Amino acid sequence: MLRFNRICVVGLGYIGLPTSAVFADNGVDVLGVDINPVAVDSINRGEPHIVEPDLDVLLRKVVQAGKLRAAREPGPADAFILAVPTPFCEGHQPDLTYIEAAARDIAPHLAHGNLVILESTSPIGTSERLSVWLAAHRPDLTFPHQAGELSDIRIAHCPERVLPGRILAEVVENARIIGGLTRKCAQSASTLYRIFVKGEIHLTHARTAEMAKLTENAYRDVNIAFANELSIICDKLRINVWELIRLSNQHPRVSILQPGPGVGGHCIAVDPWFIVAADSTNTRLIRTAREVNDSKPHFIVEKVKAHAAKLKEPVIACLGLTYKANVDDLRESPALDIVADLARAKIGEILVVEPHINALPASLGGLGLTLADFDRATERAGILVLLVDHASFLTIDHDVVKDKIVVDTRGAW
Ligand code: SAJ
């Protein structure tokens, strides 16, 4: 039976950092690796470079205890976990360059008996490719695609399913799918995750695990697309979509999700494309759902423009930039596109409110925008566009709203 005293986690982002901290808190010596020197220094001071509830307290504890150390280069370990980004490039094709680079960086440190885990959300077949990439760097070792159960190195895909905002609870409690390139690979990975996972662990093949992760997010994307499509139809038919959904969900077998300004985040807006890339002929529904969700920001922009055209010198407060409520994450956020398009349309003065960030992102540079205070912006503006339902926005004084034009994309007010 393998023992995991020391692990090396490559990629200290929203998944890698909490996972490292939880392993360290359970007695494992963790070497965390990131190419970003600012993140490495911050983590070594015990300060997370990302915002996630309770992560600061846990990180300080494990860094002070000497159980977690961050560095720019990997080192020897019993197990390696790759938690690097898998974005897409032109034409929505998956970009695996971060995984390939991580494989190159850990390869010199691999030793007989090591386990390599791919946690990054990955297109089908990536774990097999990882095996081939590692083998190319280490001809002195055997890998699962060459030696099957007898391989020196074991490889498994263990996708994470944690919800940003609840990561530390979900990483421990959620059921986990572990896909090995061989049975032994899966069993070995299961032993590793059992160190802290309390949820059920289901073993399967790596390809099934890869597809399961993509399926979960595509399922959610398709269901959000249904809600977004309904919201556009209802707008035309002058029906309150929020009431409609609430009433329809009274049916025992109906559970419609919530419409919004579009779908953001690094997962749901990205992962379905990996399925489309794998089989472009048979993914009509999944592709259409992506297109419906991606077109929602344009619908909101047109709505705001129509309202602005009715005012003399419109002042428009755009409330929220993050991809969802109560996080600081701007990745793939539809609110960013909406604000940029409104600014470019030059329909009036735009006030941007986002309490979770200190400076506007580069993508909004050069548009003459600055961050504004919530109270001042909502007081000054004639049009309020609620883009994110942050808790701090929900307590707005109804007297402030009552004489304004409100575009509530979240149905929160
Ligand atoms: N959204 C809606 N309507 C809804 C629900 C969500 O418009 O009814 C929007 C949100 O505003 C946001 C986007 O969808 O823009 C995604 O938000 P989310 O909270 O649904 O999910 P994420 O992206 O934060 O995390 C997802 C989760 N996957 C599923 O719920 C199937 C999480 O469990 C995954 O671990 C994560 O993706 C991931 O890393 O893949």
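This one's a predicted model, so the numbers in the text were calculated from it and none came from an experiment.
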Value for CG (N282) from CZ (R287), rounded to nearest 0.5 Å, stands at 11.0 Å
Answer yes or no: is there a side-chain heavy-atom contact under 4.5 Å between V38 and H49?
no
Compare all side-chain heavy atoms of D25 with those of K67 and state whether any distance is below 4.5 angstrom.
no
What is the distance from atom CZ of R166 to atom CG of N326, rounded to the nearest 0.5 Å?
13.0 Å
What pair of heavy atoms forms the shortest contact from V116 to I153, and how long is it?
CG2-CG2, 3.9 Å
Please examine the side chains of I81 and I7, heavy atoms only from C-beta on, and report whether any two atoms are closer than 4.5 Å.
yes
So, for C158 and R176, which heavy atoms are closest and what is the spacing to 0.1 Å?
O-NH2, 3.3 Å
Between V406 and V401, which heavy-atom pair has the shortest distance, and what is it?
CG2-CG1, 3.3 Å
Less than 4.5 Å apart, any side-chain heavy atom of P144 and any of C185?
yes
Can you give me the closest heavy-atom contact between A308 and I347, atom names plus distance?
CB-CD1, 3.9 Å
Does a donor on one side chain sit under 3.5 Å from an acceptor on the other, for H390 and E354?
yes
Output yes when a side-chain donor or acceptor of H157 lies under 3.5 Å from a complementary backbone atom of L118, and no otherwise.
yes
d(R72 CZ, D105 CG) to nearest 0.5 Å is 11.0 Å
Under a 4.5 Å cut-off applied to non-hydrogen side-chain atoms, are I396 and T378 in contact?
yes
Could R161 and E216 be called an ion pair, given the rule that one side-chain N must be under 4.0 Å from one carboxylate O?
yes
Keeping to residues at least two apart or across chains, list the side-chain hydrogen bond (donor to acceptor under 3.5 Å, both in side chains) pairs with something in residues 404-413.
none
Please evaluate residues S42 and E47 with respect to the criterion side chain to side chain donor-acceptor pair (under 3.5 Å), reporting the C-alpha separation (whole Å), side-chain torsions for both, the decisive distance (0.1 Å), and the verdict.
CA-CA 5 Å; S42 170; E47 295 162 12; 4.5 Å; no
Closest heavy-atom contact between F88 and A269?
CE2-O, 4.0 Å
Judged by modelled atom types alone, do D41 and N44 share a side-chain donor-acceptor pair under 3.5 Å?
no
Would one find more than 12 heavy atoms of other residues, nucleotides or ligands at under 6.0 Å from atom CD of E291?
yes
Inspect the surroundings of CZ in R129 and state if more than 12 heavy atoms from other residues, nucleotides or ligands are less than 6.0 Å away.
no
Counting only heavy atoms not in D95 (residues, nucleotides, ligands), do more than 12 fall under 6.0 Å from its CG?
yes
Determine yes or no for a side-chain-to-main-chain donor-acceptor pair under 3.5 angstrom, with N114 supplying the side chain and A77 the backbone.
yes
State whether the side chain of T86 and the backbone N or O of T121 hold a donor-acceptor pair below 3.5 Å, judged by distance alone.
yes
Tell me, do L321 and L360 make a side-chain contact under 4.5 Å, heavy atoms counted?
yes
Derivation of the salt bridge (charged side-chain N to carboxylate O under 4.0 Å, His left out) call for D389 and K324:
CA-CA 7 Å; D389 45 342; K324 66 175 185 178; over 6 Å; no
Does a side chain donor of either N293 or D221 reach within less than 3.5 Å of an acceptor in the other side chain?
yes
Any non-hydrogen side-chain atom of L387 less than 4.5 Å from a side-chain atom of T322?
no
As a quick check of understanding, evaluate salt bridge (charged side-chain N to carboxylate O under 4.0 Å, His left out) for R183 and E149, giving each step before the final call.
CA-CA 7 Å; R183 184 84 191 158; E149 292 294 28; over 6 Å; no
Between L192 and I195, is the side-chain contact (heavy atoms from CB on, under 4.5 Å) condition met? List the steps.
CA-CA 6 Å; L192 174 66; I195 291 175; 4.1 Å; yes
Side chain S20, main chain G32, donor-acceptor under 3.5 Å:
no
side-chain contact (heavy atoms from CB on, under 4.5 Å), that's the test. Do I124 and L214 meet it? Break it down for me.
CA-CA 9 Å; I124 318 308; L214 303 181; 3.9 Å; yes
Heavy atoms from other residues, nucleotides or ligands near CZ of R376 exceed 12 (cutoff 6.0 Å):
no
Could you report the tightest heavy-atom contact between V22 and N26, atom names first, then the distance?
O-ND2, 2.8 Å
I would like to know whether E349 and R380 meet salt bridge (charged side-chain N to carboxylate O under 4.0 Å, His left out); could you show each step before the answer?
CA-CA 10 Å; E349 185 182 350; R380 270 199 60 210; 2.7 Å; yes
Greater than 12 external heavy atoms within 6.0 Å of I35's CD1
no
Rounded to the nearest 0.5 Å, what's the gap from CD1 on I275 to CD1 on I286? Could you check?
4.5 Å
For Y98, does the OH atom have more than 12 heavy-atom neighbours from other residues, nucleotides or ligands under 6.0 Å away?
no
Looking just at side-chain N and O atoms, do Q146 and S151 make a donor-acceptor pair shorter than 3.5 Å?
no
Is it the case that over 12 heavy atoms from other parts of the model lie below 6.0 angstrom from the CG atom of N358?
no
L351 vs V315, test: side-chain contact (heavy atoms from CB on, under 4.5 Å). Steps then yes/no.
CA-CA 7 Å; L351 308 172; V315 178; 3.6 Å; yes
When you look at L319 and V385, which way does the side-chain contact (heavy atoms from CB on, under 4.5 Å) test go after all the steps?
CA-CA 6 Å; L319 308 175; V385 188; over 6 Å; no
Parallel, tilted or perpendicular: which fits the ring planes of W273 and H92, with parallel below 30° and perpendicular above 60°?
parallel
Mind telling me whether F196 and F23 have parallel, tilted or perpendicular rings, with 30° and 60° as the class edges?
perpendicular
Can you see whether S122 engages E210 through a side-chain donor-acceptor pair at a distance of less than 3.5 angstrom?
no
From T182 atom OG1 to R154 atom CZ, the distance as rounded to the nearest 0.5 Å
7.0 Å
Please walk me through it: do K305 and E302 pass salt bridge (charged side-chain N to carboxylate O under 4.0 Å, His left out)?
CA-CA 5 Å; K305 274 160 86 177; E302 290 306 312; 3.3 Å; yes
When rounded to the nearest 0.5 angstrom, what distance separates CD in Q258 from CG in L230?
11.0 Å
Hey, are the side chains of Y323 and V388 touching, using non-hydrogen atoms and a 4.5 Å cut-off?
no
